Amino acid sequence: NITLSGSGAITNSTAAMNSSAGSISITSSGGAITTSAALSASGSVTISAESASGDVTAGANITATGTGNAIFLKSKSNILTSANVTLQSNAGPITLWSDSGSVNEGGILIASGVSINSTGGNITLGGGGGSSIPTGYAKATSSINSASNGAYSGIRLIGSISSGAGNFVLRGQDSARVGSTSHNSGI
């Protein structure tokens with residue numbers, strides 16, 4: 001198992017992390033988390049930013065290779081992906097959970113070229129409260145917007161998502177806290 005925890009920003013900037021016999025867990029109580037190099041585990045991959053200003057950015061591929069093991073990204077703020085990143089599990093659930101503090105401040109961006117593939121596991125994108133998965137909505141923020149029309153989204157889906165035979169849930173909501181364009185949307 002590989003466990004990283006800290007009270008500030010965490011970035012794995014150059015070296016890929018591979019846990020061939022266990023899980024990967026990255027937690028920050030006071031800052032953002034950015035994966036700039038690939039993460040791969042036979043167990044689950046869990047990334048959690050517990051600060052109100054702590055985005056989680058998947059900037060490189062994240063893979064859970066063991067059958068049924070999860071990829072779990074959780075933030076009190078935004079969940080962001082860089083272009084051309086793959087999140088893939090082997091029939092395990094994939095959860096992207098923004099605004100986990102339920103303060104209407106956290107959306108989800110699935111950027112261009114991103115592929116989320118659970119090969120049969122459930123995929124959930126949402127926000128707000130919940131105990132093991134989000135039961136509320138990802139909320140529109142200024143970080144989740146369209147440059148072409150200024151619209152803000154709770155979930156901005158530009159890449160692709162495939163759950164195979166698994167369930168697929170998207171919960172996104174506009175927010176009166178950002179922007180005033182008629183193009184704002186939940187998803």
Side-chain angles (χ1 to χ4, degrees), residues 2 10-20 23-26 32-49 55-75 77-100 106-127 132-134 137-141 143-148 151-172 185-187:
I2 298 172
I10 297 174
T11 301
N12 76 316
S13 57
T14 57
M17 283 192 236
N18 182 4
S19 181
S20 60
S23 297
I24 296 174
S25 176
I26 303 172
I33 300 172
T34 302
T35 63
S36 298
L39 302 177
S40 179
S42 63
S44 297
V45 177
T46 302
I47 301 172
S48 180
D55 292 342
V56 169
T57 302
N61 296 343
I62 300 175
T63 308
T65 61
T67 302
N69 289 318
I71 294 175
F72 188 82
L73 308 182
K74 182 177 181 181
S75 173
S77 189
N78 298 299
I79 302 291
L80 309 169
T81 59
S82 297
N84 304 313
V85 166
T86 297
L87 306 180
Q88 181 157 343
S89 70
N90 182 3
I94 298 176
T95 303
L96 279 60
W97 186 345
S98 67
D99 188 33
S100 64
I108 299 172
L109 171 65
I110 307 303
S112 176
V114 169
S115 173
I116 299 176
N117 185 359
S118 68
T119 62
N122 296 337
I123 297 177
T124 304
L125 279 65
S132 59
I133 61 169
Y137 296 88
K139 300 288 185 156
T141 69
S143 296
I144 316 296
N145 69 345
S146 167
S148 63
Y152 299 95
S153 302
I155 298 174
R156 184 155 175 79
L157 178 58
I158 305 169
S160 66
I161 298 177
S162 174
S163 62
N167 295 322
F168 179 52
V169 176
L170 290 172
R171 291 189 190 101
S185 62
I187 301 172

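Bear in mind the structure is a predicted one, so any value in this text is a computation, not a measurement. Only heavy atoms go into these numbers, but all of them, side chains included; no hydrogens, no water, no symmetry mates.
Distance check: Arg156 CZ to Leu80 CG gives 13.0 Å after rounding to the nearest 0.5 Å. The CD1 atom of Ile33 lies 9.5 Å from the OG1 atom of Thr57; values are rounded to the nearest 0.5 Å. A distance of 5.5 Å separates CD1 in Ile158 from CG in Leu109, rounded to the nearest 0.5 Å. Between Ile26 atom CD1 and Thr11 atom OG1 the span is 9.5 Å, to the nearest 0.5 Å. In this structure, CD1 in Ile24 is found 10.5 Å from OG in Ser44, a value given to the nearest 0.5 Å. Taking OG of Ser89 as the reference point, atom CZ of Phe72 lies at 14.0 Å (rounded to 0.5 Å).
What you find for Asp99 and Lys139 is that their closest heavy atoms are OD2-CG, 3.6 Å. Taking every heavy atom of both residues into account, Lys74 and Val56 meet most closely at O-CG2, 3.5 Å. Looking at every heavy atom in both residues, Asn167 comes nearest to Asn122 through N-OD1, 2.8 Å. In terms of heavy atoms, Ala58 sits closest to Val85 at O-CG2, 3.7 Å. Contact record, Thr35 with Ile47: CG2-CD1, 3.7 Å, taken as the closest heavy-atom pair. Taking all atoms of both residues into account, the shortest heavy-atom contact from Asn12 to Ala15 is ND2-O, 3.6 Å.
Shown are Ile123, Asn117, Ile94; of these, the side-chain contact (heavy atoms from CB on, under 4.5 Å) with Ser163 is made only by Ile123. Just one residue in the list Ile110, Ile71, Ile62, Thr86 forms a side-chain contact (heavy atoms from CB on, under 4.5 Å) with Ile116, and that residue is Ile110.
Shown here are the side-chain contact (heavy atoms from CB on, under 4.5 Å) partners of Ala60, two or more places apart in sequence or in another chain: there are none. Listed by chain and residue number, Thr95 satisfy the side-chain contact (heavy atoms from CB on, under 4.5 Å) test with Ile133 (two or more places apart in sequence, or in another chain). With sequence neighbours excluded, the residues forming a side-chain hydrogen bond (donor to acceptor under 3.5 Å, both in side chains) with Ser77 are Asp55, listed by chain and number. Listed by chain and residue number, Asn90 satisfy the side-chain hydrogen bond (donor to acceptor under 3.5 Å, both in side chains) test with Thr67 (two or more places apart in sequence, or in another chain). Residues passing the side-chain contact (heavy atoms from CB on, under 4.5 Å) test with Ala111, sequence neighbours excluded: Thr81, Val114.
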Which pairs would a plain distance check flag for residues 36-43, meaning a side-chain donor or acceptor within less than 3.5 Å of a matching protein atom at least two apart in sequence or in another chain?
from, atom 1, to, atom 2, distance (Å)
Ser42, OG, Ser20, O, 3.1
Ser42, OG, Gly22, N, 3.2

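Side-chain atoms of Leu96 and Ile155, non-hydrogen and from C-beta on, never get closer than 4.5 Å to each other. At a threshold of 4.5 Å between non-hydrogen side-chain atoms, the residues Pro134 and Thr124 count as touching.
Of the possible donor and acceptor atoms, none in the side chain of Ser162 sits under 3.5 Å from a partner among the backbone N and O of Thr119.
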Dump the intermediate steps for side-chain contact (heavy atoms from CB on, under 4.5 Å) on Ser98 and Ser75, then the final yes or no.
-> CA-CA 5 Å; Ser98 67; Ser75 173; 5.5 Å; no
